[in-house]
Amino acid sequence: MSCVNCREGLDHCHGTVIRHGDDTAECTDAGCTDVDVVRHTLVVDCGTVDGGCVCAGQPAFAVA
């Protein structure tokens with residue numbers, strides 16, 4: 001099995017974008033250079049991440 005976007009040569013990322021309440025975003029893929037949501041299949045709000053998020057008034061989490 002292989003990624004359709006990879007096979008088609010489309011610009012994309014296999015990481016997950018985490019959107020924060022202050023309108024910033026980060027990606028779980030350390031090599032990601034563009035956190036635009038259209039490049040990512042998975043996009044989540046920071047409050048839904050296990051361990052919470054500092055911007056949501058919860059403990060910080062580590063993004064691997």
**OP:** Check whether any side-chain heavy atom of V17 lies under 4.5 Å from a side-chain heavy atom of V44, and answer yes or no.
**Re:** no
Applying side-chain hydrogen bond (donor to acceptor under 3.5 Å, both in side chains) to D45 and not counting sequence neighbours gives R19
So CG of N5 and OG1 of T41: to nearest 0.5 Å the spacing works out to 6.0 Å
dist D36:CG -> H12:NE2 (nearest 0.5 Å) comes out at 14.0 Å
Applying side-chain hydrogen bond (donor to acceptor under 3.5 Å, both in side chains) to S2 and not counting sequence neighbours gives R7
* Asked: Is there side-chain contact between E26 and C32, with heavy atoms separated by less than 4.5 Å?
  -> no
Those residues at least two apart in sequence (or on a different chain) that pass side-chain hydrogen bond (donor to acceptor under 3.5 Å, both in side chains) with T24 are D22
TODO: State, with a plain yes or no, whether a side-chain heavy atom of C27 is found less than 4.5 Å away from one of R39.
DONE: no
Q. Looking only at atom types and distance, does a side-chain atom of T28 sit under 3.5 Å from a main-chain N or O of T16, one as donor and one as acceptor?
A. yes
